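The shown structure was predicted, so the numbers you read here are calculated from the model rather than taken from an experiment.
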Amino acid sequence: MEQRYRWKNKQLRAHAAVLDGTLSPTILLKNATYLNQTFRKWMTANIWIYKDRIVYVGDKLPARTDKCETIDCREGVIVPGYIEPHAHPFQLYNPQTFAAYASQHGTTTLINDNMVLALQLNKRKAFSFLEEMKHHPVSMYWWCRYDSQSEIQEEESVFSNGNIKSWLEHDCVVQGGELTGWPKLMDGDDMMLHWMQETKRMNKKIEGHFPGASEKTLAKMMLFGADCDHEAMTGEEVERRLMQGYMVSLRHSSIRPDLPRLLDEIHERDIAVYDRFMLNSDGSSSAFYEEGVSDKMIKIAMEHGVPEIDAYNMATINIARYYDFQHLHGNIGTGRIANLNFLASKNDPTPISVLAKGQWVKRDGKKVDVFPNADWNQLGFDPLKMNWALDMDDMQFSMPFGIKMENSVITKPYTISIDVSLEKLSDKHDECFFMLLDRNGNWRVNTVLKGFADSLGGLASSFSSTGDIILIGKSKQDMLEAFNRMKELGGGIVICDNGKVECEIPLTLAGLMSSQPVEELMGLEKELFAYLKDRGYHFEDPIYSLLFFCSTHLPYIRVTQQGFYDVMKKTVLFPTIMR
């Protein structure tokens, strides 16, 4: 039977017994200088921990210490475990490997996007996955998406009323959104509005996604139920959100590394209401996290004039109060989950040691391997199996217009003027063949992509927002070779040139994620980025380019399961071709 409460009565009695002196704590932190957010200052106390919970913070020492690890904390300081409020834990890495990596940098709580689970697993499998993640030292919470962020087939059954309500009712789900489909809401989508009302009825938050939104739009979204937005790109946009009552999540990500500018402009405009701010990294590519996760953002905040305690609060208690789980997370106090970061000094947020749910995940600078191994096949993430073949007959490119990349993620239509009947395109321009293929082999969309590369043989990727297959390249034969190698791997990103594999990242978890540790994935990503840059890719993040080709929450033209889609007119311009 599923446990409905975090701690059973027997466990709560044990916690109280530690205070009574009839049971020993499991860890005692003596003479600890720690951040107390109630008094907003650094204080000294003894911290008693029993298994996964802080049972006392104060001057007293426990009567029994016979089964207790005692640590004198006179050197250094302790802060609460950091919280990432906007994680996309499927960006080639997977939720387990990202959580393990983030914990080494002190991020012990993640609030995760559920998009991949909603699209790739049935509800039962998805909820089993959520339960499995509960066994990990890092605390994981989840969103509930209201739409697919694309134009997919059978969206009504995937994002049905029953499925959405089941997700919203789940104990691990703390918010609805992010609201990438807000234009539909504005145009009268009452089902989405109903789901938002249900979210609010359950006292859960709604995360917006409102890039460039006007004051009027922000006001409407607040009326509809939005609570927070992470898309402010300037100080003026931060102020606009604050004026309409939003919590503002300040982003620093691989495609929007905005935090330094945002903080500078916040200070210039004299709107530094720090208790209304939190920090997020918006699901960056793994290589972007090399210098840290939340700890990196706290450091940036300090360097740009944020007072020390406020910088920590923006990654801890502000987030916990916003989600109303400050009784569990975000501060060091009696009753909280034992998520603690041990720092060398107050101005260095990267921890030397980390406790997550009372377990050492990092000790004296070294990783402690306490994360259980996931049975990915059992959880529904088998290697990608494709029992169909691709051949030259599929390589027909007769579309009158193609897509032009404006940056990593924005694509516009353009008129094709080159000869696309050739087996190989010239390296003297930046136009490539582009295909989106159904992962089950039922349909395809063929066009030309401008701006991605000027000398790329063939790239195949099973990583995309919908899980369908993307092919890009100058050479039709190299595109076929890359596809076949990707298929052989069980999913991945593969680049071929002149019939030779030049670069590959295996993604053996449903073709979407790697089972490798994030540290290893970083190396593979760097090789891929360097190779593409050398072949003419000059934007910030090719991983996000691959992810968002199908995503209709961004302008202007997208390639989807329905076909070519005009985002602004909300119409399919050319349907998919059945194979």
Side-chain angles (χ1 to χ4, degrees), residues 3 5-39 41-83 99 103-104 106-109 134-140 312 316-317 320 325-344 346 351-372:
Q3 183 176 332
Y5 304 105
R6 182 166 196 99
W7 292 288
K8 297 178 181 178
N9 285 358
K10 183 179 179 181
Q11 294 171 305
L12 295 173
R13 296 295 183 189
H15 300 162
V18 176
L19 286 177
D20 290 337
T22 59
L23 195 62
S24 169
T26 50
I27 297 176
L28 171 61
L29 307 175
K30 294 177 63 177
N31 307 308
T33 299
Y34 75 104
L35 178 57
N36 184 306
Q37 281 123 330
T38 299
F39 293 100
K41 63 182 181 180
W42 301 94
M43 300 179 71
T44 301
N46 300 311
I47 302 171
W48 310 4
I49 296 169
Y50 183 75
K51 296 185 177 179
D52 65 344
R53 198 179 196 193
I54 299 170
V55 297
Y56 174 80
V57 179
D59 295 332
K60 297 183 184 302
L61 289 169
R64 289 186 61 177
T65 56
D66 50 301
K67 296 182 180 179
C68 178
E69 178 185 5
T70 301
I71 303 161
D72 194 314
C73 299
R74 293 178 196 275
E75 295 183 3
V77 297
I78 304 175
V79 297
Y82 309 137
I83 305 169
S103 71
Q104 299 304 295
T107 300
T108 55
T109 302
K134 283 183 179 181
H135 300 148
H136 293 210
V138 169
S139 300
M140 295 196 206
Y312 284 109
T316 56
I317 192 62
F325 53 42
Q326 67 271 27
H327 60 295
L328 297 174
H329 300 288
N331 61 111
I332 298 172
T334 300
R336 276 61 179 180
I337 296 170
N339 296 334
L340 303 173
N341 290 334
F342 297 73
L343 312 180
K346 297 173 184 176
I352 297 169
S353 301
V354 180
L355 279 173
K357 294 181 184 173
Q359 298 181 72
W360 295 106
V361 295
K362 185 178 185 180
R363 191 76 185 268
D364 298 327
K366 295 181 180 179
K367 183 177 181 179
V368 182
D369 192 8
V370 293
F371 282 79

Closest approach of [X] to [Y] (non-hydrogen atoms, all atoms of both residues):
| X | Y | value |
| --- | --- | --- |
| Cys73 | Ile78 | SG-CD1, 4.2 Å |
| Ala338 | Ile54 | CA-CG1, 4.0 Å |
| Cys68 | Pro25 | CB-O, 3.2 Å |
| Pro351 | Lys362 | O-NZ, 2.9 Å |
| Pro137 | Pro372 | CD-CD, 4.5 Å |
| Lys357 | Lys134 | NZ-O, 3.0 Å |

Using side-chain contact (heavy atoms from CB on, under 4.5 Å), reason through Val361 and Gln104 one step at a time and then give a plain yes or no.
CA-CA 7 Å; Val361 295; Gln104 299 304 295; 4.2 Å; yes

Mark yes when over 12 heavy atoms from residues, nucleotides or ligands other than [X] sit less than 6.0 Å from its [atom1]; otherwise mark no.
| X | atom1 | value |
| --- | --- | --- |
| Arg363 | CZ | yes |
| Glu75 | CD | no |
| Lys51 | NZ | no |
| Asp59 | CG | no |
| Asp72 | CG | yes |

Hey, what do you get for [atom1] ([X]) to [atom2] ([Y]), rounding to the nearest 0.5 Å?
| X | Y | atom1 | atom2 | answer |
| --- | --- | --- | --- | --- |
| Ile352 | Asp364 | CD1 | CG | 8.0 Å |
| Ile47 | Arg336 | CD1 | CZ | 12.5 Å |
| Ile332 | Ile317 | CD1 | CD1 | 10.5 Å |
| Asp52 | Gln359 | CG | CD | 8.5 Å |
| Leu343 | Tyr34 | CG | OH | 15.0 Å |
| Trp360 | Glu69 | CH2 | CD | 6.0 Å |

Close side-chain approach of [X] and [Y], heavy atoms under 4.5 Å:
| X | Y | result |
| --- | --- | --- |
| Val57 | Met43 | no |
| Ile49 | Leu355 | yes |
| Phe342 | Leu29 | yes |
| Ser139 | Thr108 | no |
| Asn46 | Asn31 | yes |
| Trp42 | Leu35 | yes |
| Leu12 | Tyr5 | no |
| Pro80 | Gln37 | yes |

Describe, in one word, how the ring planes of His15 and Trp7 are oriented to each other, choosing from parallel (under 30°), tilted (30 to 60°) and perpendicular (over 60°).
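Perpendicular.
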
Measure the acute angle between the ring planes of Tyr82 and Tyr312, then classify it against the limits of 30° and 60° as parallel, tilted or perpendicular.
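It falls in the parallel class, under 30°.
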
Going by the side-chain contact (heavy atoms from CB on, under 4.5 Å) test, name the single residue among Val138, Asn339, Thr109 that passes it with Ser103.
Val138

Hey, does the side chain of Thr70 reach the backbone of Leu28 with a donor-acceptor pair shorter than 3.5 angstrom?
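Side chain of Thr70 to backbone of Leu28: no pair is present.
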
Checking Arg64 side chain against Val18 main chain: does a donor-acceptor pair fall under 3.5 Å?
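Side chain of Arg64 to backbone of Val18: no pair is present.
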
Could you go through Trp48 and Thr334, starting from their C-alpha distance and side-chain angles, then the distance that decides it, and tell me whether this counts as side-chain contact (heavy atoms from CB on, under 4.5 Å)?
CA-CA 9 Å; Trp48 310 4; Thr334 300; over 6 Å; no

